[in-house]
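All chains are named by letter (A, B, ...) in the order of the sequence lines, taking the proteins before the strands, and each is independently numbered beginning at 1.
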There are 2 protein chains.
Amino acid sequence: MAKLTSDLMRGHSDTMILKLLQEQDMYGYEIIKEIYKRSNEQYELKEVTLYASLRRLVTEECILAYWGDESKGGRRKYYSLTETGLSRYENNHADWIYSKSIIDKLV
Amino acid sequence: MAKLTSDLMRGHSDTMILKLLQEQDMYGYEIIKEIYKRSNEQYELKEVTLYASLRRLVTEECILAYWGDESKGGRRKYYSLTETGLSRYENNHADWIYSKSIIDKLV
DNA sequence: CAAGGTACTTTATCAGATATAGTACTTTTG
DNA sequence: CAAAAGTACTATATCTGATAAAGTACCTTG
């Protein structure tokens, strides 16, 4: 049974997040759920991994964080894409296409 | 310019090595050269990464190591594939195909 | 009210990678 | 012949995106 090892999935969380935020702003937990859904329930980005990635992307000004204005329920931290983030996504995506072609030659 | 980041290439060194050893026994440095060649000089597996990977594969009985019997030149450590190694390759390759399809959905 | 779910955060640890440096031998160059 | 460069392998230290475990705060359900 083939599996998604953390080594093979490593380095992709930023790109996955940036991809989703191109469509609309999302809060953290929602990002996890959407990734799980889009992978046909095959891949679950861990919460710690997600929030670490979000924190790093904020630091690098690829995304902006802001608290939702919910009056009920827990507060949700939303994230939105920046121009820097869009560029980062494009670079990361190009890197993936390129890496994939090289790996395919070698494995 | 797209590049091969270590995070994206991570987790593939074992599989690359096992692939090559299916064709014939090779010594360490030769493996590096062959990978460099087969990637059209796009990817160079670092020596420290290679030997760490080889050591790990030997420990896991995926390959066997033996010294060449050169009478001239430095001694060369050769590696040969085992049945366990062949299975490992097949599992790793299946993991790659599977991972690739999921990543393609998400990035 | 307790259990479970949602949502976010903190700390500690892991392991495949890199950086740096080393040893030993041969070949090439001046 | 010596120095430089190349080939071949090994050792130690560090990095960092990941995971494990645990935490806080609020809502919903039984």
Side-chain angles (χ1 to χ4, degrees), chain A residues 3-18 25-36 43-60 62-63 65-79 88 92 95-96 99 103 107, chain B residues 3-18 25-36 43-60 62-63 65-79 88 92 95-96 99 103 107:
Chain A
K3 56 190 188 312
L4 301 174
T5 66
S6 50
D7 281 327
L8 296 188
M9 301 307 290
R10 182 179 174 120
H12 294 286
S13 52
D14 287 4
T15 317
M16 292 175 184
I17 294 165
L18 293 173
D25 291 9
M26 298 178 97
Y27 61 93
Y29 206 68
E30 187 178 18
I31 293 173
I32 285 184
K33 287 190 286 185
E34 189 61 21
I35 285 176
Y36 187 62
Y43 176 64
E44 181 173 6
L45 187 61
K46 297 295 192 292
E47 285 174 49
V48 185
T49 304
L50 171 86
Y51 288 106
S53 194
L54 287 171
R55 200 168 298 120
R56 191 169 53 240
L57 289 167
V58 166
T59 298
E60 293 161 2
C62 293
I63 62 178
Y66 59 93
W67 287 100
D69 52 3
E70 288 84 15
S71 54
K72 279 186 68 177
R75 299 181 69 190
R76 292 167 169 168
K77 189 177 272 185
Y78 283 81
Y79 299 88
R88 172 70 67 88
N92 287 4
D95 287 351
W96 162 239
S99 303
I103 295 168
V107 303
Chain B
K3 56 191 186 309
L4 301 173
T5 67
S6 51
D7 281 326
L8 296 189
M9 302 307 289
R10 185 182 174 112
H12 295 287
S13 52
D14 287 4
T15 317
M16 292 176 185
I17 293 166
L18 294 172
D25 290 9
M26 297 178 98
Y27 61 92
Y29 206 69
E30 186 178 20
I31 293 173
I32 285 183
K33 287 189 287 185
E34 190 61 21
I35 285 176
Y36 187 63
Y43 176 66
E44 180 173 7
L45 185 62
K46 298 294 192 293
E47 284 175 48
V48 185
T49 305
L50 171 86
Y51 287 105
S53 193
L54 287 170
R55 199 169 301 122
R56 191 168 53 240
L57 289 168
V58 166
T59 297
E60 292 161 2
C62 293
I63 62 178
Y66 59 94
W67 287 100
D69 54 1
E70 289 84 16
S71 54
K72 278 186 67 180
R75 299 180 69 189
R76 292 167 169 168
K77 190 176 271 186
Y78 283 80
Y79 300 88
R88 172 70 67 87
N92 287 5
D95 286 352
W96 162 240
S99 302
I103 295 168
V107 304

Scoring nucleotides 3-14 of chain C by protein non-hydrogen atoms under 4.0 Å (B base, S sugar-phosphate only, - none) yields ---SSBBBB---
Under 4.0 Å between a side-chain N or O of B/Thr49 and OP1 or OP2 of C/dT18?
yes
A/Glu44 CD to D/dA20 C1', in whole Å, measures 14 Å
Checking D/dT19, C/dG16, C/dT18 against the side chain of B/Lys46 (C-beta onward), the nearest is C/dT18
B/Leu8 CG to C/dG16 P, in whole Å, measures 17 Å
Here the distance between atom C1' of C/dT18 and atom CG of B/Leu4, to the nearest Å, is 15 Å
Please determine if a side-chain N or O atom of A/Ser13 lies less than 4.0 Å away from the OP1 or OP2 oxygen of D/dA18.
-> yes
Taken to the nearest whole Å, CG/A/Asp7 to C1'/D/dC15 is 14 Å
Rounded to whole Å, the CE-P distance (A/Met9 to D/dG17) equals 16 Å
Exactly one candidate in A/Ile17, A/Ile32, A/Ile31 meets side-chain contact (heavy atoms from CB on, under 4.5 Å) with A/Met26; the answer is A/Ile31
The reported gap from CH2 in B/Trp96 to CD1 in A/Ile103 (rounded to nearest 0.5 angstrom) is 4.0 Å
Across all chains, not counting sequence neighbours, the side-chain contact (heavy atoms from CB on, under 4.5 Å) partners of A/Ser6 are none
Review point. Can you check whether A/Tyr29 reaches A/Glu47 side chain to side chain, under 4.5 Å on heavy atoms?
Key: yes
Separation of D/dC9 atom C1' from B/Tyr66 atom OH, nearest Å, is 16 Å
Between NE2 of B/His12 and P of C/dA17 the distance, given in whole Å, is 9 Å
Atom CG of B/Leu45 and atom C1' of C/dA17 are separated, to the nearest Å, by 10 Å
In this structure, OG1 of B/Thr49 is separated from CD of B/Glu44 (nearest 0.5 Å) by 10.0 Å
Is the closest side-chain heavy-atom distance between B/Leu50 and B/Ser13 below 4.5 Å?
no
**Asked** Could you walk me through whether A/Arg88 and A/Leu57 pass the side-chain contact (heavy atoms from CB on, under 4.5 Å) check?
**Response** CA-CA 10 Å; A/Arg88 172 70 67 88; A/Leu57 289 167; 4.3 Å; yes
